[in-house]
K.L.:
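First the structure, then my questions, so here it is.
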Amino acid sequence: MYGLVNKAIRQMVIEGHGEETWQGIRVLAGVTDDHFVSLDPYPDDITYNLVGAASKVLGAKPETLLHAFGNYWVEFAWKGDYRHILSASGRTFSAFVGNLDQLHSRLRATFPEYAPPSFRVSDEGPSALKLHYYSHRQGLLPFVAGLLEGVGRRFHVQVSTEFLPRADGADHEMMLVSWGPEEVKPPHA
Ligand code: HEM
């Protein structure tokens with residue numbers, strides 16, 4: 001995946017756990033260079049190894065880390081150079097989700113060699129939809145769930161996801177996505 005993704009992982013670990021922990025994860029993942037070039041493609045193994053090493057060092061499941069990374073990615077992209085694309089991708093949560101392929105297509109000029117996922121919406125209702133997720137990569141469903149949660153936060157809705165079993169021979173994953181008014185937590189809860 002493009003260096004931007006690994007860079008975001010690096011930043012998330014450093015912000016949450018400090019530079020030293022990051023260095024431990026990087027070395028365990030067998031990554032020799034501590035600098036990722038955002039606009040250079042890297043083998044997917046680097047990203048997967050970083051998540052695997054982070055899981056060992058932090059004692060958290062890879063799925064939990066990927067979920068957290070999805071949340072983080074939305075903030076990372078919104079604060080970084082991609083805010084304009086995100087804010088032009090839909091005025092509501094459901095419109096945004098329906099535009100995910102357009103969003104990635106617009107980024108093609110920036111990441112010419114990338115292999116982004118593809119998404120399709122079906123069974124759309126006022127507060128739920130079925131999301132079809134197509135990717136040649138494995139194991140990233142928790143990342144998608146975290147991304148959707150992060151996007152929801154931007155639209156002030158609380159998002160829940162439920163993975164649906166993959167049918168025999170299906171070429172994609174499916175999940176139920178529902179959303180509702182954001183829960184306002186009392187302070188110190
Ligand atoms: C403007 C914000 C975004 C940028 C800059 C961006 C960019 C990227 C890039 C560079 C990759 C790596 C692909 C590769 O190198 O082959 C990627 C992968 C991915 N993106 Fe986005 N993306 C954005 C928003 C989103 C959002 C909102 C979603 C919500 C579902 C999403 C879903 C994914 C997923 C699931 C992958 C993992 C690859 C896979 O599933 O095969 N992205 N994106």
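Every number for a ligand or one of its atoms is a count from 1 in the order of the listing. Heavy-atom basis, side chains included; hydrogens, waters and symmetry copies ignored.
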K.L.:
With backbone taken as N, CA, C and O and side chain as the heavy atoms from C-beta onward, which portion of V74 lies under 4.0 Å from ligand 1: side chain, backbone, both, or neither?
P.N.:
neither
K.L.:
Would you say the side-chain atoms of D44 pair up with the backbone N or O of M1, donor to acceptor, closer than 3.5 Å?
P.N.:
yes
K.L.:
Checking a contact table here: which protein heavy atom is nearest atom 34 (C) of ligand 1, and how many Å away?
P.N.:
P117 CG, 3.4 Å
K.L.:
Atoms of ligand 1 less than 4.0 Å from F96 heavy atoms?
P.N.:
27 (C)
K.L.:
Counting non-hydrogen protein atoms only, what is the nearest one to atom 38 (C) of ligand 1? Give residue, atom name and distance.
P.N.:
R137 NH1, 3.1 Å
K.L.:
Provide the number and element of each atom of ligand 1 under 4.0 Å from a heavy atom of V144.
P.N.:
35 (C)
K.L.:
Return the residue, atom name and 0.1 Å-rounded distance of the protein heavy atom closest to atom 15 (O) of ligand 1.
P.N.:
Y2 N, 2.8 Å
K.L.:
Go through it in stages, so that I can follow the logic: the residues are E75 and R154, the test is salt bridge (Lys or Arg N to Asp or Glu O under 4.0 Å), and I'd like the CA-CA distance, side-chain angles, deciding distance and then a yes or no.
P.N.:
CA-CA 9 Å; E75 292 309 309; R154 282 279 155 186; 2.8 Å; yes
K.L.:
Is there at least one pair of N or O atoms, one from L140 and one from ligand 1, spaced under 3.5 Å apart?
P.N.:
no
K.L.:
I need the nearest protein heavy-atom contact for atom 41 (O) of ligand 1: residue, atom name and distance, please.
P.N.:
S135 OG, 2.6 Å
K.L.:
Counting only heavy atoms from other residues, nucleotides and ligands, does the tally under 6.0 Å from CD of Q138 exceed 12?
P.N.:
no
K.L.:
I need the contact type for L107 against ligand 1. Using non-hydrogen atoms and a strict under-4.0 Å cut-off, is it side chain, backbone, both or neither?
P.N.:
side chain
K.L.:
Which of parallel (below 30°), tilted (30 to 60°) and perpendicular (above 60°) describes W73 and F143?
P.N.:
perpendicular
K.L.:
For ligand 1, which atoms, with element, lie under 4.0 Å from some heavy atom of A77?
P.N.:
2 (C)
K.L.:
Does any donor atom in the side chain of N6 or T47 lie under 3.5 Å from an acceptor atom in the other side chain?
P.N.:
yes
K.L.:
Looking at atom 21 (Fe) of ligand 1, which N/O/S atom of H104 is the nearest one?
P.N.:
NE2
K.L.:
Could you state whether L39 and L107 fall into the same hydrophobic cluster, counting links through intermediate Ile, Leu, Val, Met, Phe, Trp or Tyr residues with side-chain heavy atoms under 4.5 angstrom apart?
P.N.:
yes
K.L.:
Run the contact test for F119 against ligand 1 with a 4.0 Å cut-off on heavy atoms, strictly below, and give the result.
P.N.:
yes
K.L.:
Just to be sure I'm reading this right: ignoring hydrogens, which of L100, L148, V151 gets closest to atom 29 (C) of ligand 1? Compare them by their nearest heavy atoms.
P.N.:
L100
K.L.:
Test salt bridge (Lys or Arg N to Asp or Glu O under 4.0 Å) on D34 and R10; report intermediate values, then the result.
P.N.:
CA-CA 9 Å; D34 189 23; R10 177 179 183 276; 3.1 Å; yes
K.L.:
Establish, yes or no, whether a centroid distance under 6.0 Å links the rings of Y42 and F36.
P.N.:
yes
K.L.:
Return the orientation label for the F119 and H104 ring planes: parallel under 30°, perpendicular over 60°, tilted otherwise.
P.N.:
parallel
K.L.:
Quick check: Y114 and ligand 1, any N/O pair under 3.5 Å apart?
P.N.:
no
K.L.:
Using heavy-atom distances only, which candidate in W73, Y133, Y82 approaches atom 23 (C) of ligand 1 most closely?
P.N.:
W73
K.L.:
Which residue from D81, L131, L103, D40 reaches closest to atom 24 (C) of ligand 1 through any of its heavy atoms?
P.N.:
L103
K.L.:
Check the angle between the aromatic planes of Y134 and H172 and answer parallel, tilted or perpendicular using the 30° and 60° thresholds.
P.N.:
parallel
